Every structure is written in structure tokens, then in C-alpha cells.
Amino acid sequence: MAGRFDLQGRHGKSRVRVSRVWRRPADAGGHLFVEWSVAVSVVSDCLPSYTSDDNSAIVATDSIKNTVYVKAKECTEVVSMEEFAVILGRHFTSLYPQVSEATVTIVERPWERVAVDGKPHSHGFKLGSEKHTTEVTVKKSGSLLINSGIQGYSLLKTTQSGFEGFVRDRYTLLPETRERIVATEVTAWWRYPFEHISQLPSKPFCFTQRYQDVKKVLADTFFGPPEVGVYSPSVQNTLYLMAREVLTRFPDIASVQLRMPNLHFLPVNLSGKENPGLVKLLMMCTCQLMNHMEPLKQH
Ligand SMILES: O=c1[nH]c(=O)c2[nH]c(=O)[nH]c2[nH]1
């Protein structure tokens, strides 16, 4: 007897490198420039291509790549990565009857405007460090999932951190301390509450601005006030306070997930020598927080 299988096909293209410049006059803020690495994957009813030699329903991944370029060119108005991902997702799910769902992932290369003699340059950019990311899933029905995030956000403070009161047993070597360096590389993901295309705000909701806002809240909570800082009893507690602050400040963020490896700087016992050196080790902390608030209503 022939076997029966549930089969779902998904295919797509990743690492499509696209950049876009919007040439505004210098007195209107100067040129805007983005470089994106785009990945598109579609759920597509082209099962005969898996089970036989019939490719008639396949949207070629090469065409998917070209679509990214065409759609970027068509964006004559400035768009955020999230908006661009929605444009692509809607395109694939509406143009092709066999495509029921599209997931678009974008990572932005952090080109930042330079300042010359303290003045923002109209068309000069330099590469920064942390990266803005997004993952958008659009279904044919119009249902939507928008996650955005940050990768590689390295933060360090030289005091106002300690670690005490943890499990002490025969495996414990770490001394307790109220004075240490704390450093981490934050990876954050947050979900926007828009669950259908129709809920997307009509006047452009500035996802790019919200990314900058979240980044600032994460850093401000990590560091505390500039003069005195804020004491951190553990990476776990600081991570929780950072996530909680994001949800408290931004009701349009439904949930947030943080990953913060502890980049240890531990004093080395150089037995008798002065100036203890420092070694770097790695520890991982993660947590996920949900905003238990009603989804945003459209006005
Ligand atoms: O803030 C910390 N949390 C830990 O769980 C931990 N574990 C460790 O060795 N050092 C630290 N520091």
C-alpha cells in the first residue's frame, strides 16, 4: 500500500543584499541610506515539484531575489525595514495564488551618519556596531506577525555591579563581590501588536524611531543615571529591569525577549604580583516578558 504523507513546501532566498538611497536636500536632513540583507521564504502549494518533475507552480528563488530589488526601487518614499518586509510579504501572498504565507527577515547594516566638526554630514556615513533586525510573516488572509530586534549591542560598566548570595557548595570557586565589572552583548526581540494588515497604522508608524527608543531604554536602564549609575545585584535582575522598562514605556510592544551573556572580567590571582589581570569568560542569561495589554486600537 502506498504511504500517505502530510507535505508542506517552503522555499526562498536568503542573503539578498540590497541598498537604497533617498536623496533629500541638505536642508531637509540630507541623504538617507540603508543596506539590508533580506531573506524571503514562502509557503507555496507546489507539491508536484517535490513528488515529480512538474515545476509549473514554482516561483523561482531567482525571481524572489529580483523582486526584492524591484520593490526597493519602487519605494520612492522612505520606508522602514518593517514596512519594506510587509510590502514584500503582501506582494508574494497576493500575486501568486499558490503562495499562502511569506516570511521576510531583514538585518540592517548599521551605517550611521557622520558628523564633521560636530555637524551632521549630508551624505557621509560610517559603519556602527549593533544591528537592527526584523522578521515579518504575512498570510494570504492578511494576518500578520511583526517582530523586530537588536543584535550585537555591547554594553559595559566598570562599577555598580556585584554578585552575592548564590549557591555555595563543593563546586563553587567564585568569591562573592559587591564590586566588579559587568559587560554583556544584548540580543533583543520584541513583538508589535498588529495582527492583521488592516491594523497597521495609516500614517506611517515609525518602526525605525521605536527601534532607537528601545535601544535607548535598554541602555539607560543598564547604566542608570550618568553621575552615580545604578547598582546591579546580578545580570538576571538587570535583564529583567531592562525588559520591564521596555514594556512599561511602550504599550505598542506586546512582548520582549532578551538574551544577555555575561562577559566576565575576573581578577586573576598573580600570587604576589601587583595589578591583577583580567580574564574574559562567558555566561548566558535569557528571559521573555509579555505585555498583558490590549492590542492597540485603530483611531
Ligand atoms: O550576574 C551574574 N549571574 C550569574 O548567574 C552568575 N554566575 C556567575 O558565575 N557569575 C554570575 N553573575
Side-chain angles (χ1 to χ4, degrees), residues 107-108 110 128-135 147-192 210-251 253-293:
V107 180
E108 180 164 293
S129 48
E130 64 276 359
K131 292 180 178 165
H132 183 180
T133 60
T134 192
E135 183 178 280
N147 282 302
S148 290
I150 183 164
Q151 278 176 7
Y153 193 26
S154 296
L155 307 175
L156 176 149
K157 56 182 191 171
T158 49
T159 187
Q160 285 286 49
S161 165
F163 188 53
E164 300 171 289
F166 49 89
V167 174
R168 295 216 79 85
D169 57 19
R170 66 197 183 94
Y171 302 103
T172 312
L173 292 173
L174 189 71
E176 307 208 352
T177 181
R178 287 191 66 80
E179 179 58 65
R180 65 172 184 175
I181 293 173
V182 67
T184 188
E185 187 182 301
V186 180
T187 305
W189 278 104
W190 54 94
R191 186 168 61 78
Y192 290 102
R210 183 56 84 238
Y211 166 74
Q212 298 294 350
D213 296 341
V214 170
K215 201 161 86 161
K216 180 170 176 353
V217 164
L218 290 174
D220 289 356
T221 312
F222 179 86
F223 293 121
E227 297 294 329
V228 290
V230 61
Y231 182 73
S232 162
S234 67
V235 174
Q236 284 87 337
N237 180 248
T238 298
L239 175 150
Y240 168 74
L241 294 177
M242 289 162 73
R244 196 183 69 177
E245 195 61 18
V246 168
L247 294 188
T248 309
R249 293 278 285 276
F250 308 117
I253 292 182
S255 68
V256 63
Q257 203 173 334
L258 290 184
R259 200 179 146 95
M260 287 173 45
N262 186 359
L263 309 175
H264 289 282
F265 288 81
L266 300 176
V268 177
N269 184 355
L270 295 176
S271 54
K273 296 203 175 61
E274 284 177 17
N275 299 328
L278 297 167
V279 287
K280 271 175 91 173
L281 298 167
L282 201 68
M283 181 206 92
M284 194 62 79
C285 276
T286 62
C287 100
Q288 180 169 9
L289 259 64
M290 309 281 285
N291 227 350
H292 289 290
M293 307 192 78

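All residue numbers refer to positions in the sequence shown, counting from 1. Worth saying up front: this structure is predicted, and the values here are computed from it rather than measured. Remember, it's 1-based here, ligands and their atoms both numbered in the order they're listed.
Neither the backbone nor the side chain of Val182 comes within contact range of ligand 1; no heavy atom lies under 4.0 Å.
Residue Thr172 comes nearest to Val167 through the heavy atom pair OG1-O, 3.3 Å, listed as atom of the first residue, atom of the second, then distance.
The Ser234 neighbourhood of ligand 1 comprises atoms 1 (O), with distances under 4.0 Å to a heavy atom of that residue. Proximity to Val235 (heavy-atom distance under 4.0 Å) selects the following atoms of ligand 1: 1 (O), 2 (C). Close approach of ligand 1 to Asn262 (heavy-atom distance below 4.0 Å) involves ligand atoms 2 (C), 11 (C), 12 (N). Close approach of ligand 1 to Leu174 is summarised as follows: ligand atoms under 4.0 Å from at least one heavy atom of the residue are 8 (C), 9 (O), 10 (N). Against a heavy-atom cut-off of under 4.0 Å, Gln236 is close to the following atoms of ligand 1: 1 (O), 2 (C), 3 (N), 4 (C), 5 (O).
In this structure, CZ on Arg249 lies 8.0 Å from CG on Asp213, to the nearest 0.5 angstrom. Separation of atoms CZ (Phe223) and NZ (Lys157) is listed at 8.5 Å; rounding is to 0.5 Å.
Between Trp190 and Tyr192, the ring planes lie perpendicular to each other; the angle is over 60°, past the 30° to 60° tilted range.
At least one heavy atom of Arg180 sits closer than 4.0 Å to an atom of ligand 1.
For Glu185 (side chain) and Pro261 (main-chain N/O), no donor-acceptor pair under 3.5 Å exists by modelled atom type.
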